[in-house]
Amino acid sequence: MDRRPSLDPAVAEIRRAVRGALAEVSGPVLVGLSGGADSLALASAVAFEAPKAGVEAHAVVIDHGLQEGSDTVARRAAETAGAMGLRARVVRIEVPPPAEGGGPEAVARDGRRAALIADAKATGAEAILLAHTLDDQAETVLIGLARGSGAASLGAMSPERVEEGIRILRPLLGARRATTRAACRAEGLPVWEDPHNLDRRFLRVRVRQDVMPVLEAELGPGVAEALARTSDQLREDAEAFADMIDETIEDIVEHAEAGIAVSVAALAANPPALRHRIIRHVVASEFGVSLTRAQTLEVARLVTDWRGQGPIDLPGCRAQRAGTRLVISAA
């Protein structure tokens, strides 16, 4: 009796993850494709699973124009997607120079995200599927730890979020980078090796090449998985705090001249973790400013340790004690 050839385990794992994501959508989906192993494995799985799920799918390749020959790389990625059965197109974007203190990675990422969301809106896509893996998640958490980021930042990438009305899905956050490469080998997909992934000017590359291997060697296997679990736990904590803030803030915040006022008594009654988050939330939502921890603690002292000190100047705004209220107004 003839036996059907067995499905490669890596291909099966990627398809299973994509199948679960597609089960949660009803409208068209867009796959962000670069031509690298992660996004090719994702696109191939979507091409296989989407017709069975009754979901229309297409791929978009963003050409940043940051490397010589990027147009050729983008065209080949689109052709590969087409050979899989996915309708694909290339979108060329202009990436501005990074702002002071920023980096080219962040600027390119922001431009890519904006272009994908614009394409999703234009084509009526319900969701964008991105190919971030467990390794990407672990690296993000480790970088956040090194920078002293808070729990919200250490929550790193969510499997699902909504941006400008478009669902952003990351079905491969539970898969290792080695699995996407194995899937591409099994399916004979032409993987593009991004030279930026070897450029040691980038912090993430140094974390990937130097830090993670040392951690695995010294602490034993499973470091990446442990960092990803930490991210999941911190994201759950951050979501719980966000719900608590939403429930609390309506009762303790009121509009003030050129700004907003918060009840000192109500802030003082909350534990420090919630108090500090409320302060950061108020400043961010009203003035678009992200306070550092040091700035947040200084503002909190106006609530818990006020001895007549004057206003505190913050980026774009000013915080001061006014009787029983903490007033944050435009600078």
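Quick note: numbers below take in every heavy atom, side chains included, and nothing from hydrogens, waters or symmetry partners. For the single chain, residues carry numbers from 1 onward in sequence order.
- With side-chain heavy atoms closer than 4.5 Å counting as contact, directly or through intermediates, the hydrophobic cluster containing Trp192 also holds Val73.
- Between the Asn270 side chain and the Ala266 main chain, a donor and an acceptor come within less than 3.5 Å of each other.
- Ser285 contributes a side-chain N or O that, together with a main-chain N or O of Val282, makes up a donor-acceptor pair within less than 3.5 Å.
- Leu169 and Leu30 fall into different hydrophobic clusters, where Ile, Leu, Val, Met, Phe, Trp and Tyr residues are linked whenever their side-chain heavy atoms come under 4.5 Å apart, directly or through other members.
- Using a 4.0 Å cut-off between charged side-chain N and carboxylate O, Arg301 and Glu298 make a salt bridge.
- By the 4.0 Å N-to-carboxylate-O rule, Arg75 lies too far from Asp63 to be salt-bridged with it.
- Using a 4.0 Å cut-off between a side-chain N of Lys or Arg and a carboxylate O of Asp or Glu, Asp119 and Lys121 do not qualify as a salt bridge.
- The side-chain heavy atoms of Ile245 and Thr248, taken from C-beta on, include no pair separated by under 4.5 Å.
- Inspection of the Arg235 and Ser231 side chains reveals an N or O donor paired with an N or O acceptor under 3.5 Å.
- Annotation: Arg76, atom CZ; neighbour count of heavy atoms from other residues, nucleotides and ligands within 6.0 Å does not exceed 12.
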Could you give me the CA-CA distance, side-chain angles and deciding distance for Leu116 and Val60, then say whether side-chain contact (heavy atoms from CB on, under 4.5 Å) is met?
-> CA-CA 7 Å; Leu116 288 172; Val60 171; 4.0 Å; yes

Please output the side-chain donor-acceptor pairs of residues 321-331 that fall under 3.5 Å, not counting sequence neighbours, one pair per line with the distance.
unit_1: Arg321; atom_1: NE; unit_2: Gly323; atom_2: O; d: 2.7
unit_1: Arg321; atom_1: NH1; unit_2: Leu302; atom_2: O; d: 2.7
unit_1: Arg325; atom_1: NH1; unit_2: Glu254; atom_2: OE2; d: 3.0

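- A donor-acceptor contact shorter than 3.5 Å links the side chain of Asp136 to the backbone of Thr133.
- Residues His196 and Phe202 approach most closely at O-CD1, 3.5 Å, considering heavy atoms.
- A side-chain donor-acceptor contact under 3.5 Å links Arg275 to the backbone of Leu267.
- Between the side chain of Gln137 and the main chain of His132, no donor-acceptor pair closer than 3.5 Å is present.
- Under the salt bridge (Lys or Arg N to Asp or Glu O under 4.0 Å) criterion, Arg293 pairs with no residue, sequence neighbours left out.
- Side-chain polar atoms of Thr140 and Arg204 form a donor-acceptor pair below 3.5 angstrom.
- At least one donor-acceptor pair under 3.5 Å links the side chain of Ser39 to the backbone N or O of Ser34.
- Proximity of a side-chain donor or acceptor of Asp135 to a complementary backbone N or O of Arg177 within less than 3.5 Å is detected.
- With hydrogens and angles disregarded, a donor-acceptor distance shorter than 3.5 Å links the side chain of Glu126 to the backbone of Ser26.
- For Ile14 against Thr179, the heavy-atom pair with the smallest separation is CD1-CG2, 4.0 Å.
- In this structure a side-chain-to-backbone donor-acceptor pair under 3.5 Å is present from Arg206 to Arg201.
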